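Note that this is a predicted model, so its numbers are computed, not measured. Only this structure's heavy atoms are used, side chains among them; waters, hydrogens and symmetry mates stay out. Heads up: numbering here begins at 1 and tracks the sequence.
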Amino acid sequence: MSERVNEEKKSPAPGATSGGSQPDGASAGKSGTKSGSMSGGSPVAAAKAEAVLPTLGPLGMLRWAWTQLTSMRTALFLLLMLAVGAVPGSLFPQRPANPSIVTQYIKDNPDYGKILDSLQLYDVYSSAWFSAIYILLFISLIGCVVPRAIAHYKAMRSQPPRTPARLSRLPEYGTLVLPAGAGVPASRAIDDAAGLLTKRGYRVDVRDRDGARPSIGAERGFLREVGNLVFHTALIGVLVSVAVGGLFGYSGQRILVEGDTFVNTLVGYDQFTPGSNFQSSQLEPYSVQLDKFQITFDRESQGKIGQPIDFQADVTTRESPDAPARKEVLKVNDPLTLGGTSMYLTGNGYAPVVTIRDGAGNIAMQGPVVAKLQGDNYYSSAVIKVPDAKPDQLAFAGFFLPTAFVTEEGVSFSGDPELFNPQLTLNSYYGDLGLDDGAPQNVFELDVKKLTPLNARNLDAGGITLSPGTSYTLPDGKGTISFGGVKRYIGVDIHHNPGQLYALIFALLAVAGLVTSLYVNRRRVWVRTGTHADGRTMVEYGLLARGEDHRLAGEAAAIRRLLAGAWDLDDDGGSQSAPSGGADNNRADTTRPGASAGASADVGQASPDHPAADFIQSTAGSSESKKEQ
């Protein structure tokens, strides 16, 4: 169709006069195309109107979709979507972390709680939509990196670009003149320049060494693109490492009282958060026993007396049930590494040891009770639940004070974190604790709404105040409680993340690649030499940067100094005299096309008043340099 339109544009219509007019009745013989061109205004418009665009087809659509997915713009957009998609994970409770909180949240918000659940906002990081964004970002980055890596590999193996015809149009340009008596012909000058550029890290290609005007093409800075590729590849590695950690990792918490032993099994954790693809067979059966926990308090600094300054847990570990025991020390920011997991010291406190007998005189509960820190000087709350007491279940709630003081109003408080005067102050209750129906409860909280109080400050029986070695008999024959002593406890976090080390390595590689891509510049240098009619050797050089390079002028000056030093030229360029009217280097661009006879000659041209001298110029930003780039 395009050929037909061109023919119509070149040849006049049948019967047309030389002036372009048509005889009467010529319209009756017009073709359909001609009538279309009359109505559209031109044959080109008619051709466009009749043109039918080809359909992409299934394969073409797949290619178009792949091109869009693997573009850098799409990768950045997916990275932004991933960041935005992670926001609900911090706004709403997450089921893998604490299912009971999610259940309570849905009960407290019945109007939209179930809607959020249907949108998987309680399982954000394992949801279908978050996984889709993650996988698409992963594919997009791979699609960006692999073609660029192949193209960069080909570029590294290819020769530097050909020498431009006019080096003076490059952003950085200069000339040097070697006197005839220096004994440096053009071929030797080009070899010297090649050696200097090679030592400076350039990849050099010498062209037409034995010709009249030999030249060099050199380039360096391939590490810039290598750094860029390393950055994007490392970003993929970080994504993979994080995904592996989320799939096969796990974390948990456990409270250990002095003398207790933790075994790395599911029942050994107080709280456990598995990964999406966790299997119980991943747990290595190591054990950790807390032998002793020591705290060092500040007793010298003014205003900070009683502040803890050091924590040390002495533990005994076994890699397996049959492995020998090892004595180790667990400190803050100094975790233990066992069975592929890391154990961190995260908390501590006191655990008063109590013995409770029921109304029949039987021991219903005996052992340490973990007291939860509530205030300064290790002021702690204590909750004791005794579901095995007969005939009624018993419960106690109150406070533990390491060093008890009593105000004039009768209010007890802790005056020091050390165990100088430990005291256990409790209220007692009896009734149904609600543990028989299997509903989970917080061990540090006691719901007294369905319980009957036995002891309290506002009752006739009063509250319970115990010191180590003392006992108290409960009212109505409900039993007794004894305070036997105090132990210390620690809270530990246990983490297993198989991708953690790899994520760190890839993150460091990403930083190294980014720094390399920012500080390494891709540059190209060309040098051309020639012999003047009077025997002088003329040298010209030009530099071009790939992208923005504010240090290109400094590189040009450095190369000029190296060349001048190799040929023992003066610092000012080794200016030499030249005959009148002689042109340096016999350059093809001595005078620009269209210049008048009185116009000044191009770079390096001599005149009677101005002998030939070395020359350097910067044309960065000019229209000619932009065209060359």
Query - Steps toward side chain to side chain contact (heavy atoms under 4.5 Å, CB included) verdict (Leu167, Tyr541) - result: CA-CA 7 Å; Leu167 294 179; Tyr541 60 89; 5.7 Å; no
Report task. For side chain to side chain donor-acceptor pair (under 3.5 Å), just list the numbers for Tyr250 and Asn497, CA-CA rounded to whole Å, side-chain angles, deciding distance to a tenth of an Å, and then say yes or no. Result -> CA-CA 7 Å; Tyr250 61 85; Asn497 188 345; over 6 Å; no
Report task. Kindly determine whether Glu555 and Arg220 satisfy salt bridge (Lys or Arg N to Asp or Glu O under 4.0 Å), including the steps that lead there. Result -> CA-CA 12 Å; Glu555 178 69 10; Arg220 76 172 186 181; 3.3 Å; yes
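Checking Ile494, Thr337, Val315, Asn264 one by one against Met343, the side-chain contact (heavy atoms from CB on, under 4.5 Å) holds for a single residue, Ile494. Put simply, the residue from Thr103, Ile101, Asp123 that forms a side-chain contact (heavy atoms from CB on, under 4.5 Å) with Arg95 is Asp123.
Residue-environment remark: CZ (Arg299) exceeds the threshold of 12 foreign heavy atoms within 6.0 Å. The 12-atom threshold is not exceeded at OH of Tyr502, counting heavy atoms of other residues, nucleotides or ligands nearer than 6.0 Å. Summarising the local packing, CG of Asp376 is surrounded by 12 or fewer heavy atoms from other residues, nucleotides or ligands at distances under 6.0 Å. Within 6.0 Å of CZ in Phe77 there are 12 or fewer heavy atoms belonging to other residues, nucleotides or ligands. By the 6.0 Å contact criterion, CZ on Phe444 is enclosed, its count of non-hydrogen atoms from other residues, nucleotides or ligands being greater than 12.
Nearest heavy atoms, Leu373 versus Tyr489: N-OH, 4.4 Å. Shown here for Leu82 and Leu137, the closest heavy-atom pair between the two residues is CD2-CD2, 3.9 Å. Taking all atoms of both residues into account, the shortest heavy-atom contact from Ala397 to Leu446 is CB-CD2, 3.9 Å. The shortest heavy-atom contact between Thr70 and Cys144 is O-SG, 2.7 Å.
Side-chain contact check for Asn333 and Tyr344: no donor-acceptor pair (N or O, by modelled atom type) lies under 3.5 Å. In this model, a donor atom of one side chain and an acceptor atom of the other lie less than 3.5 Å apart for Lys327 and Thr316. For Asp314 and Gln294, the side-chain atoms include at least one donor-acceptor pair closer than 3.5 Å.
Phe293 and Phe311 have parallel rings, their planes meeting at less than 30° on a 0 to 90° scale where 60° marks the start of perpendicular. Between Phe399 and Tyr379, the ring planes lie parallel to each other; the angle is under 30°, not in the 30° to 60° tilted range.
Residues Tyr122 and Ile106 have side chains in contact (heavy-atom distance under 4.5 Å, counting atoms from C-beta outward). Inter-residue side-chain proximity for Pro417 and Pro402 is flagged as unmet; no heavy-atom pair is nearer than 4.5 Å. Looking only at side-chain heavy atoms (C-beta outward), Met156 and Glu225 stay at 4.5 Å or farther from each other.
The pair Glu418-Arg488 meets the salt-bridge criterion, since a charged nitrogen lies less than 4.0 angstrom from a carboxylate oxygen.
Seen from the ring of Tyr286, Arg318 does not count as a face-on cation partner, given the 6.0 Å and 45° thresholds.
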Side-chain donor-acceptor pairs of residues 508-520 under 3.5 Å, sequence neighbours excluded:
from: Thr516; atom 1: OG1; to: Ala512; atom 2: O; distance (Å): 2.8
from: Ser517; atom 1: OG; to: Gly513; atom 2: O; distance (Å): 3.3
from: Ser517; atom 1: OG; to: Leu514; atom 2: O; distance (Å): 2.8

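Every pair tested for salt bridge (charged side-chain N to carboxylate O under 4.0 Å, His left out) that includes a residue from residues 55-64 fails, sequence neighbours excluded, so the list is empty.
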